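Since the structure is predicted, the reported quantities are computational estimates derived from the model, not experimental observations.
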Amino acid sequence: MGSIEERNMERVRHWVWTWNNDVMRMVDECYAEDCEVSDMLRNRTFHGREELRLIEKQMIALDASRNMTITRMVPSGDTVAVEVDASWDGGNTIDKGCVFLTFNDAGLIISDHSYSSDSAGAAENDPRNDAD
């Protein structure tokens, strides 16, 4: 495994830690300004940190007690495939969600393609429709 892959795996660990502890810090520290975040199951894409903040605020408003753990990582060049389990105190869970994270040269996520259920229904509505 090369040094870029090792760096990206460490960045994934930081991404999970910030997702669990301070989601706005996650947006600022883990994602590039011009990132693209795609919810593959709902066929929608968010562009940039501000749109990502909208969906994260929507999810936090529903239940801020979230915790994600990495179950598997497979690095390949600038991309890491990540399997995760997530849970909320309200009893909602995601088992074996999958995310493909692509990093730029600075170690920031430029592409996030997520494949997982939404057992809490947190992402059912597109928050960009409420931003006006």
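- In the hydrophobic cluster analysis, where Ile, Leu, Val, Met, Phe, Trp and Tyr join through side-chain heavy atoms closer than 4.5 angstrom, Ile110 is grouped apart from Phe46.
- A salt bridge is defined here as a Lys NZ or Arg NE, NH1 or NH2 lying under 4.0 Å from an Asp or Glu carboxylate O, and Arg53 with Glu56 fails to meet this definition.
- The shortest side-chain heavy-atom distance between Arg72 and Lys96 does not fall under the 4.5 Å cut-off.
- Rounding to the nearest 0.5 Å gives a distance of 6.0 Å between CE of Met68 and CG of Asn20.
- Residues Gly77 and Ile4 come closest through the heavy atom pair O-CG2, 3.9 Å.
- By the 4.5 Å heavy-atom criterion applied to side chains, Val23 and Arg66 are counted as neighbours.
- Judged purely by atom type and a 3.5 angstrom limit, Arg11 uses its side chain to pair as donor or acceptor with the backbone of Gly107.
- Under the 4.5 Å side-chain heavy-atom criterion for grouping Ile, Leu, Val, Met, Phe, Trp and Tyr, Val27 is not connected to Leu108 through any hydrophobic cluster.
- Separating the CG atom in Asn8 from the OG1 atom in Thr79 is a distance of 8.0 Å, to the nearest 0.5 Å.
- In this structure, CZ on Arg25 lies 7.0 Å from OG1 on Thr18, to the nearest 0.5 angstrom.
- When atom types are taken as modelled, the side chain of Arg49 and the backbone of Asp28 share a donor-acceptor pair closer than 3.5 angstrom.
- Cluster membership for Trp17 and Met73, using ILVMFWY side-chain heavy atoms within less than 4.5 angstrom, is not shared.
- The backbone N or O of Glu83 lies less than 3.5 Å from a partner atom in the side chain of Thr71, making a donor-acceptor pair.
- Ion pairing of Glu10 with Arg7 is absent here, as no side-chain N (NZ or NE/NH1/NH2) approaches a carboxylate O to less than 4.0 Å.
- Here CZ of Phe103 is found 12.0 Å from SG of Cys35. Values are rounded to the nearest 0.5 Å.
- Criterion: ILVMFWY side-chain heavy atoms under 4.5 Å apart, direct or through other members. Under it, Val84 and Met59 are part of a common hydrophobic cluster.
- In this structure, OG1 in Thr102 is found 5.5 Å from CG in Asp78, a value given to the nearest 0.5 Å.
- Note that the CG atom of Leu52 and the OH atom of Tyr31 stand 5.5 Å from one another [nearest 0.5 Å].
- Trp15 places a side-chain heavy atom less than 4.5 Å from the side chain of Ile109.
- In this structure, Thr45 contributes its side chain and Ser38 its backbone to no donor-acceptor pair below 3.5 Å.
- No chain of hydrophobic side-chain contacts below 4.5 Å, direct or via other Ile, Leu, Val, Met, Phe, Trp or Tyr residues, connects Leu101 to Val74.
- At a threshold of 4.5 Å between non-hydrogen side-chain atoms, the residues Val12 and Ile70 count as touching.
- No donor-acceptor distance shorter than 3.5 angstrom exists from the side chain of Asp34 to the backbone of Gly48, with no hydrogens or angles considered.
- In plain terms, the two heavy atoms of Ala32 and Asn104 that are nearest each other are CB-ND2, 3.9 Å.
- A side-chain N or O of Asp112 and one of Ser114 form a donor-acceptor pair less than 3.5 Å apart.
- Pairing each heavy atom of Glu5 with each of Gly2, the nearest pair is OE1-N, 3.1 Å.
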